[in-house]
Amino acid sequence: MVEFINVSKRYPNGTVALRGINLKINKGDFAFIIGSSGSGKSTLLKLLMKEENATEGEVIVNGYQLSTLQHKQIPYLRRGMGMVFQDFRLLPNKTVYENVAFAMEITECVPKEIRRQVPMSLALVGLSRKANAYPHQLSGGEQQRVAIARALVNSPALLIADEPTGNLDPENSWEIVKLLTEVNQRGTTVVVATHEKSIVDAMKKRVIAIDKGHIVRDQQKGLYGDED
Ligand code: ADP
Ligand code: ADP
């Protein structure tokens, strides 16, 4: 599903964010990418989404070799992945329903399919009754659930989340983590970057620890450890 082969990333200002990354994430896996702030977690996810390009090495996602992927093929790559961010990134002037539908409209889905999938996706995150609300009328936890509904509406094989609980209180954080686990149990590969020790320790999932751009640990059923 995801493979990094000898990947390094240097930003134009000279900062080397990742060095010699070798990594394989299989279909159906649930993996945490952990590490302190600045360790390279977001950069790794940005390479996966082709928001940034590797300076060296190769990233392969869903069968796409990203270094040779043409610009016009990026939408096909992104259609196969859902993305969730710390700051939710909902469109403030659209309702919950419209925010989720928008993810389907930009991939040119037929209206009939949109009318079928959006309510299913909202039901999956338990927000059917908030379909007509606007993001500012929702709590943080609810906004993140909308973001997850939007990420899942195109039935992606891969869900990527960058600090999805970073703006949430512990109770809402747990709800989001539970939801991500359910999504994974339905067969979606889930990759979550986080520095929340309590969550990682409780989940006992795969832990890929990054420090200063290097993978320093990769464990099945891992704990957070003491990197932070
Ligand atoms: P994390 O997500 O673990 O906090 P990042 O991947 O955001 O880490 O950052 C890794 C390193 O790359 C840091 O030193 C950061 O300052 C640097 N960095 C991130 N984005 C850029 C950028 N666009 N330009 C230059 N340096 C960057
Ligand atoms: P939290 O305690 O998680 O921060 P809030 O106190 O913001 O949550 O909201 C509690 C409930 O009230 C949520 O279900 C939210 O959707 C609803 N709510 C909050 N603000 C509004 C609003 N302006 N209009 C409608 N519903 C709202």
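Both counts, for ligands and for their atoms, begin at 1 and track the order of listing.
Checking side-chain atoms of Q73 against main-chain N and O of Q70 turns up a donor-acceptor pair under 3.5 Å. Side-chain N or O atoms of N26 include none that pairs as donor or acceptor with a backbone N or O of D29 at under 3.5 Å. Between the side chain of D201 and the main chain of S198, no donor-acceptor pair closer than 3.5 Å is present. Looking at N154, its side chain never comes within 3.5 Å of a backbone N or O of R79 through a donor-acceptor pair.
Regarding atom 26 (N) of ligand 1, its nearest protein heavy-atom neighbour is Y11 CD1, 3.4 Å. The protein heavy atom nearest to atom 4 (O) of ligand 1 is G38 N, 2.6 Å. With hydrogens left out, the protein atom closest to atom 6 (O) of ligand 1 is T43 OG1, 2.5 Å, a heavy atom. Of the protein's non-hydrogen atoms, the one nearest atom 8 (O) of ligand 1 is G40 N, 3.1 Å.
Numbered from 1 in the order shown, with element, the atoms of ligand 1 that lie under 4.0 Å from a heavy atom of A17 read 10 (C), 11 (C), 12 (O). Atoms of ligand 1 found under 4.0 Å from any heavy atom of S36, numbered from 1 in the order shown, are 3 (O). Of all atoms in ligand 1, numbered sequentially from 1 with element shown, those under 4.0 Å from a heavy atom of T15 are 12 (O), 14 (O), 17 (C), 26 (N). For ligand 1 and S37, the ligand atoms under 4.0 Å from any heavy atom of the residue are 4 (O).
Under the ring-ring contact (aromatic ring centres under 6.0 Å, His included) criterion, F32 pairs with F30, not counting sequence neighbours.
Side-chain contact of Y11 with T43: a donor-acceptor pair under 3.5 Å is present, judged by distance alone.
At least one protein heavy atom sits closer than 4.0 Å to atom 11 (C) of ligand 1.
In this structure, G35 falls outside the shell of residues with a heavy atom less than 4.0 angstrom from ligand 1.
Considering both main-chain and side-chain atoms, K41 comes within under 3.5 Å of ligand 1 through a nitrogen or oxygen pair.
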Quiz: residues 96-104 side-chain donor-acceptor pairs under 3.5 angstrom, not counting sequence neighbours:
residue : atom : partner : partner atom : Å
E98     : OE1  : T95     : N            : 2.9
N99     : OD1  : L91     : N            : 2.7
N99     : ND2  : L91     : O            : 3.1
N99     : ND2  : K94     : O            : 3.0
N99     : ND2  : T95     : O            : 3.0

Next on the checklist: Assess the residue pair E175 and R145 against the criterion (salt bridge (Lys or Arg N to Asp or Glu O under 4.0 Å)); give the C-alpha distance rounded to whole Å, side-chain angles, the decisive distance to 0.1 Å, and a yes or no.
Outcome noted: CA-CA 9 Å; E175 269 193 33; R145 278 150 64 194; 3.3 Å; yes
